Amino acid sequence: MGELVDLDSSEGARGYVSIPKSGHGPGVLVLQEWWGLNPQIMGVTDMIAAQGFVAMAPDLYRGELAGHDEMDKAGHLMTTLAPERAVGDMSAAVDYLTAHQATTGSGIGAIGFCMGGLMTFMVAAARGDVVKAAVPFYGYPAGAEPDWNGLSAVIRGHFAEQDEHFPSAGARDMERRLQEMGKDIQISFHDAAHAFMNEEDPFGIYDQGLAGELWPQVIEFLHAQLG
């Protein structure tokens with residue numbers, strides 16, 4: 001349904017873009033897990049496009065991938081990804097979506113999972129001029145947080161109570177601090193474990209019922225915020 005496109009050929013930045021059948025719709029970034037831009041994330045991008053959005057998943061690893069049996073490689077790819085390069089590639093994807101002839105609406109949305117949840121916060125803080133709605137799943141910046149002053153997006157996050165990778169206590173603390181800054185953020189904490197939305201079930205903890213409940217809410221929220 002979608003295709004790979006260059007975002008900055010001189011730097012190697014690229015992304016997977018999928019257009020709805022209507023030919024137009026609001027723009028939404030889809031941000032990868034630590035595995036990379038794999039077929040599962042491309043499938044999520046296509047699914048979001050099928051719901052009426054111009055969806056793009058930037059390839060933050062620029063062609064590198066880790067399989068579900070390559071945890072060490074996935075961890076290496078994530079921890080060695082330079083934050084400034086990731087933000088630059090996401091910003092290029094935002095600009096691509098904003099300029100695309102199929103994109104409508106007054107802002108861009110962002111949704112991400114695991115590492116992509118963290119990146120959802122990063123791009124929303126860096127591009128508050130355009131990113132107006134954000135849906136981070138079980139991932140947040142810990143330690144080196146971005147400058148939150150530019151954050152303008154309405155954020156509706158979904159996190160796991162039993163999460164060894166991104167503990168719920170840290171998410172609650174960040175939510176509280178952002179609310180005290182006047183940011184419109186609400187995080188729902190679910191009786192689930194990390195990666196509960198990934199239908200490929202790499203950790204054996206996919207929650208089909210919860211995912212089926214949350215996806216319609218996410219799509220409705222993005223349409224309400226973006227048009």
Side-chain angles (χ1 to χ4, degrees), residues 2 15-32 41 44-58 87 90-114 116-141 145-159 171-172 174-190 197 210-227:
Y16 178 81
V17 64
S18 194
I19 309 296
K21 287 185 177 180
S22 65
H24 57 83
V28 173
L29 284 185
V30 182
L31 299 167
Q32 69 191 49
I41 283 294
V44 171
T45 306
D46 288 339
M47 182 275 289
I48 290 175
Q51 298 299 316
F53 299 95
V54 180
M56 163 167 276
V87 171
M90 290 188 293
S91 186
V94 167
D95 290 339
Y96 179 94
L97 281 176
T98 302
H100 200 289
Q101 62 181 4
T103 302
T104 60
S106 57
I108 299 297
I111 180 172
F113 308 86
C114 179
L118 183 163
M119 291 299 175
T120 299
F121 282 106
M122 298 293 284
V123 73
R127 293 301 307 268
D129 58 321
V130 181
V131 179
K132 300 304 179 184
V135 187
F137 277 90
Y138 39 79
Y140 59 89
E145 293 188 359
D147 180 354
W148 296 118
N149 288 313
L151 178 67
S152 64
V154 178
I155 301 174
R156 297 294 180 264
H158 296 277
F159 285 69
R172 284 189 166 90
M174 184 189 65
E175 178 189 34
R176 175 188 57 79
R177 289 185 287 107
L178 289 176
Q179 288 174 345
E180 289 174 352
M181 291 179 66
K183 307 302 183 181
D184 189 346
I185 175 173
Q186 294 177 18
I187 296 178
S188 299
F189 294 88
H190 303 282
M197 293 289 286
L210 182 57
E213 175 186 335
L214 293 181
W215 270 122
Q217 296 178 25
V218 169
I219 298 301
E220 181 180 4
F221 166 73
L222 290 172
H223 274 302
Q225 297 299 318
L226 303 174

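All residue numbers in this chain count up from 1 along the given sequence. Note that the coordinates shown come from a computational prediction; the quantities given were computed from them, not determined experimentally.
For the pair Arg156 and Gln217, the minimum side-chain heavy-atom distance is 4.5 Å or more. Counting heavy atoms from C-beta on, the side chains of Ile108 and Thr103 come closer than 4.5 Å. Taking 4.5 Å as the limit, some side-chain heavy atom of Phe121 sits within range of a side-chain heavy atom of Ile185.
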Tell me, with the steps shown, if His190 and Glu213 meet side-chain contact (heavy atoms from CB on, under 4.5 Å). CA-CA 12 Å; His190 303 282; Glu213 175 186 335; 5.7 Å; no
Using the side-chain contact (heavy atoms from CB on, under 4.5 Å) rule, take Phe189 and Glu175 through it: C-alpha gap first, then chi angles, then the decisive distance, then the call. CA-CA 12 Å; Phe189 294 88; Glu175 178 189 34; 4.0 Å; yes
Could you please spell out the steps behind the side-chain contact (heavy atoms from CB on, under 4.5 Å) verdict for Tyr140 and Ile187? CA-CA 11 Å; Tyr140 59 89; Ile187 296 178; over 6 Å; no
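One distance of note links CG of Leu178 with CG of Leu151; it measures 6.5 Å at 0.5 Å rounding. Distance check: Met90 CE to Leu31 CG gives 6.0 Å after rounding to the nearest 0.5 Å. The CE atom of Met197 sits 5.5 Å away from atom CZ of Phe113, with the distance rounded to the nearest 0.5 Å. Distance NE2/His158 to CD/Gln186: 10.0 Å, rounded to 0.5 Å.
With sequence neighbours excluded, the residues forming a side chain to side chain contact (heavy atoms under 4.5 Å, CB included) with Leu118 are Met122, Pro141, Phe166, listed by chain and number. Residues passing the side chain to side chain donor-acceptor pair (under 3.5 Å) test with Thr45: none are found, sequence neighbours excluded. Evaluation of the side chain to side chain donor-acceptor pair (under 3.5 Å) rule for Lys183 yields no partner, not counting sequence neighbours.
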Enumerate, atom names and distances included, each donor-acceptor pair closer than 3.5 Å involving a side-chain atom of residues 218-227, sequence neighbours excluded.
| unit_1 | atom_1 | unit_2 | atom_2 | d |
| --- | --- | --- | --- | --- |
| His223 | ND1 | Gly227 | O | 3.4 |
| His223 | NE2 | Gln51 | O | 2.8 |

Side-chain polar contacts of residues 15-22 - donor-acceptor pairs under 3.5 angstrom, sequence neighbours left out - could you list them?
| unit_1 | atom_1 | unit_2 | atom_2 | d |
| --- | --- | --- | --- | --- |
| Tyr16 | OH | Gly2 | N | 3.0 |
| Tyr16 | OH | Asp46 | OD1 | 2.9 |
| Tyr16 | OH | Asp46 | OD2 | 3.0 |
| Ser18 | OG | Asp46 | OD1 | 2.8 |
| Ser22 | OG | His24 | N | 3.4 |
| Ser22 | OG | His24 | O | 2.8 |

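The shortest heavy-atom contact between Ala110 and Val123 is CB-CG1, 4.2 Å. Contact between Ile155 and Pro136 at its shortest, heavy atoms only, is CG2-CD, 3.7 Å. Between Pro58 and Gln32, the shortest heavy-atom contact is O-OE1, 3.5 Å. Heavy atoms only, all atoms of each residue included: Gly139 and Phe159 are closest at N-CE2, 3.2 Å. Taking both residues in full, the closest heavy atoms of Ala153 and Ala124 are given as CB-CB, 4.4 Å, listed atom of the first, atom of the second, then distance.
Judged by distance alone, with hydrogens and angles left aside, the side-chain atoms of Thr120 form no donor-acceptor pair with the main-chain N or O of Ala134 at under 3.5 Å.
Under the side-chain hydrogen bond (donor to acceptor under 3.5 Å, both in side chains) criterion, the residue pairs touching residues 91-101 are Ser91-Arg127, Asp95-Arg127, with sequence neighbours excluded.
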